[in-house]
Amino acid sequence: EGIENEKEINIFVTGDVEKLEVAYCKKLEIKGNCGNVSSQSGNINCIDIEGNASTMSGNIISNSISGKARTMSGNIITK
């Protein structure tokens, strides 16, 4: 019964983002540069992170991270 009510939320942004805060998503992908980005749960994928990035559960993937990056359960990957 619960499975058909579950939703999978993916967020895709084309362009630069100054600040983005998300409570939950499975995937957060920014096809551009971003300032500060955070998610309680889900992977963060951005071209370049010019500020801070954090997620409680998920990976942070970027070409470069200028600020602080933090994940409690996941990996921080710079390409």
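- If you take CD1 on Ile76 and OG1 on Thr71, they are separated by 6.5 Å, rounding to the nearest 0.5 Å.
- The distance from atom NZ of Lys79 to atom OG of Ser64, rounded to the nearest 0.5 Å, is 11.0 Å.
- Side-chain heavy atoms closer than 4.5 Å link hydrophobic residues (I, L, V, M, F, W, Y) into clusters, and following such links, possibly through other members, connects Val22 to Ile44.
- Side chains of Thr14 and Ile30 form no contact here, defined as non-hydrogen atoms less than 4.5 Å apart.
- With hydrophobic clusters built from ILVMFWY side chains whose heavy atoms lie under 4.5 angstrom apart, Val13 shares a cluster with Ile9.
- Sorted by first and then second residue, the pairs that involve residues 17-45 and meet side-chain hydrogen bond (donor to acceptor under 3.5 Å, both in side chains), not counting sequence neighbours, are Lys19-Glu21, Glu29-Lys31.
- In this structure, Ser62 contributes its side chain and Ile47 its backbone to a donor-acceptor pair below 3.5 Å.
- Rounded to the nearest 0.5 angstrom, Asn10 CG and Cys25 SG are separated by 7.0 Å.
- The shortest distance between side-chain heavy atoms of Ile60 and Ile49 falls below 4.5 Å.
- In plain terms, the two heavy atoms of Val37 and Cys34 that are nearest each other are CG1-SG, 4.0 Å.
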